[in-house]
Amino acid sequence: MPPKKAKVQPKSTKQSEPSGKDNNEGPRRVIHWYRTDLRLHDSPSLAHALSLNPTALYCVWTWDPHYVYRARVGANRWQFLTDSQRNLSESLTSLNPTQKLLVVREAPQTVFPKLLKQWGITDVVFEKDTDAYARARDDAVVEICRQMDVRVTVVKGGRTLWDPDEIVKCNGGKPTMTITQLQAAGAKIGEVDRPLPAPTSLPDVGDTSLEGVEQSVPDQKPDFNEGGRQEGEKENSYGGGIAGPNGDFGVPTMEELGLGEATTPHRGGETLALEVLEKVIADEDFTGTFEKPKTAPTAFEPQSTCLTSPHLHFGTLSVHEFWWRVEAVLDKRRKEKKPVSEPPTSLHGQLLFRDMYFAAQAAQGYYFAQQASNSICRFIPWHLPSTHDISSSPIPNLITGSYTIDSPVAEQWFQRWKHGQTGFPWIDGLMRQLRTEGWIHHLGRHAVACFLTRGGCYIHWERGAEVFEELLLDHETACNSGNWMWLACVAFYSQFYRCYSPVAFGKKWDPEGAFIRKYVPELAALDKKYIYEPWKAPIADQRAAGVVVKGEGDVSGKGDSVQRDDNGSMVYPKPMFDFSERREICISGLKEAYAVGLHGDDSRVLDGSWKALFKDEGEGPTRGQKGGIGGDAGEEDVDKSAGIKQEQMTPRGKKRERGQGTLDSAFKKTRK
DNA sequence: TTGATCGTTGATGGT
DNA sequence: CACCATCAACGATCA
């Protein structure tokens, strides 16, 4: 447990004006609505709830069908979330035996009116959340409270260093696109809030009876997580009523979710989060001189970074707590004249980037997570573009969650990437680590994201973002979409000629290939000379290592089981393309798209006429005059194209392989 | 206006 | 091992 906290500043200035009841007198029956703050230490919203001196305190988590069915959440993240909830619940109970986390199994928009009435609630307190869906959800709850004459207080700034909306305001109303802009805006707001101490006692919970309260069972379709559920298992977390099958507001089990055991070794909960923090802070050299680009993405047991990102996401670790604990180390080292690292590469720098993405997202809303209608996102005619709902309401033109297969080859590349079967061991090792452990190093994310988009497959960054959304423990839309746009060179970053090699990049940190030997066991015995390029190993060397390099990989399974051929030899796939050739194709594609210069909110992107601006032979679904995003699929178009004929696509690919000259001329195309 | 500089983390082939 | 120029060359910022 951390030592005593810094002096507490009153948080009153950080709250929204409460709405609803003006009357402060009388007994207060308060709901503290938990969402992104599954902790006791430094919870400004919990502190505010306690400052009301409630006669009854309800610690509520609403089990939101939006998260269960419409977000992509894999088994590992469910485990992390539910572990965090159980841990918080135990902490609440330890402060007051009547207390626990009350998991309410219904959408907040429908259940709040019932709870407010049933439990005689006078106040609702929760932490501000600037995610696009969260804003709409919270507006609805605030409105419900207003109508029912219940006071509601939205406490700002607990999730990020500064309130994202205030950052945007201080950045001229624009999304923060560089770390310098973020720092300047932050400086205008002022010092990061100091952390608050954990409460030492809690008031009792009130009556939690739900007698006569009917559960509104949510629509289970569409279920974006259907594919991840166990064979034959059904998602049933709403099956036992509002208070769950035992009627005790318990945390849903993996079984109820229709999920198998989590495979990740990284577990959730504030107790573990604080242990991790203590360990990081205790290593003063590490904390004081941390430089992200110098940490090895190949390191495992232990990893080269802190693994705190999932805890920041779920709020089991306070970002303010983290900031000030690091600052204390830096301060000490400065006084001792020891070297300290600086943003953007330092630990503080990492937290600043997170705030940069949150503020950028706050300014863009739903569109931050997609290309179409996103004014900061460059338009590139990527393979596997999303389908859109032009008339989605109230926000038009949102992506639907499905995509067009404009190229069967690209779809095959995507599946091989997703399952760690690309034939590039560095990429496959990372993707398998992601799937089994739910976490990979930041630079590993760079490697696989570059490979999928601008540095290999030329596949839409939204496809990659969706896979990360499902598999990452630390997934949060702001950072995920932001980083994907960064790596795809469509926003935040534009030096697309700086391209990560799937061979050289990993080798730089791990020439022996220890990382690959762990995560790609087929190659464990291969000589280090071939470990990053096994297709170059002579047959005799392959045989000696007990592996055969052949075929196109198995994308049916989870990508973490070893394939064998009829002779019992392990099989590892051949590389799915020639990387340097693909690199050239991608760079020329990016160069052309940059010259065309469209952004996601351009009318030509939305009506499909963007095609007329691209050369037909350019990479991606560029043929014809109109079609693709938001437009009518022309006759020649490759929409609906699971159907697109293999024979149409393959020759295009072959033509490229031979005709590098054509591409070089495209590459030299002048700008504007 | 324009040119120089810099930007979280490239690869290669030098010294 | 640290540092450098080259490769080809984006865009925001600032003098």
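So you know, we letter chains A, B, ... as the sequences are listed, proteins then strands, and number each from 1.
Rounded to whole Å, atom C1' of C:dA12 lies 11 Å from atom CD of A:Q495. Between A:L443 atom CG and B:dT9 atom P the separation is 10 Å, expressed in whole Å. The interatomic distance linking A:F353 (CZ) with B:dG7 (P) rounds to 11 Å, in whole Å. If you take CZ of A:F290 and C1' of B:dT8, they are 11 Å apart, rounded to a whole angstrom. Whole-Å rounding puts the A:M356 CE to B:dG7 C1' distance at 11 Å. In this entry the distance linking NZ of A:K294 with P of B:dT9 reads 13 Å, nearest Å. In this entry the distance linking CD of A:E342 with P of B:dG7 reads 13 Å, nearest Å. As a whole-Å value, the separation of A:L430 CG from B:dT9 P is 19 Å.
When the P atom is used for both C:dA8 and B:dT1, the distance is 31 Å, rounded to whole Å. Distance noted for atom C1' between C:dA5 and B:dT8: 22 Å (whole Å).
Rounding to the nearest 0.5 angstrom, the gap separating the OG1 atom in A:T176 from the CD1 atom in A:I167 is 7.0 Å.
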Kindly express the pairing pattern of DNA chain C in dot-bracket notation, using | wherever a base pairs with another strand and counting only Watson-Crick or G-U pairs under 3.5 Å. .||||||..||||||
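Note on ring orientation: taking the six-membered ring where Trp is involved, the planes of A:W323 and A:H348 are parallel (angle under 30°, cut-offs 30° and 60°). In this pair, A:F80 and A:H311 present their aromatic rings tilted. The plane angle is within the 30 to 60° band. Using cut-offs of 30° and 60° for the angle between ring planes, the A:W439 and A:H441 rings count as perpendicular. Classified by interplanar angle (parallel below 30°, tilted 30° to 60°, perpendicular above 60°), the ring pair A:F353/A:Y357 is tilted. Using a 30° and 60° split on the angle between ring planes, A:F492 and A:W486 fall in the parallel class, below 30°.
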Under-3.5 Å N/O pairs linking protein and nucleotides 10-12 of chain B:
residue: B:dG10; atom: N7; partner: A:R498; partner atom: NE; Å: 3.4
residue: B:dA11; atom: OP1; partner: A:S501; partner atom: N; Å: 2.9
residue: B:dA11; atom: OP2; partner: A:K508; partner atom: NZ; Å: 3.2

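Applying the 4.0 Å criterion to OP1 and OP2 of C:dA9, one finds that A:K591 has a side-chain N or O inside that range.
A:E291 comes within contact range of no nucleotide atom at all, as no heavy-atom separation falls under 4.0 Å. Within 4.0 Å of A:Q181, counting heavy atoms only, lie sugar-phosphate atoms of the nucleic acid but no base atom.
Between the side chain of A:D355 and the main chain of A:W162, a donor-acceptor pair closer than 3.5 Å is present. Side chain of A:W324 to main chain of A:D193: a donor-acceptor pair is present (N/O by atom type, distance under 3.5 Å, no hydrogens or angles).
Taking only side-chain atoms of A:H446, from C-beta outward, the nucleotide of C:dC10, B:dT8, B:dT9 with the closest atom is B:dT9.
Looking at A:D474 and A:R445, a side-chain N of the basic residue comes within less than 4.0 Å of a carboxylate O on the acidic one, giving a salt bridge.
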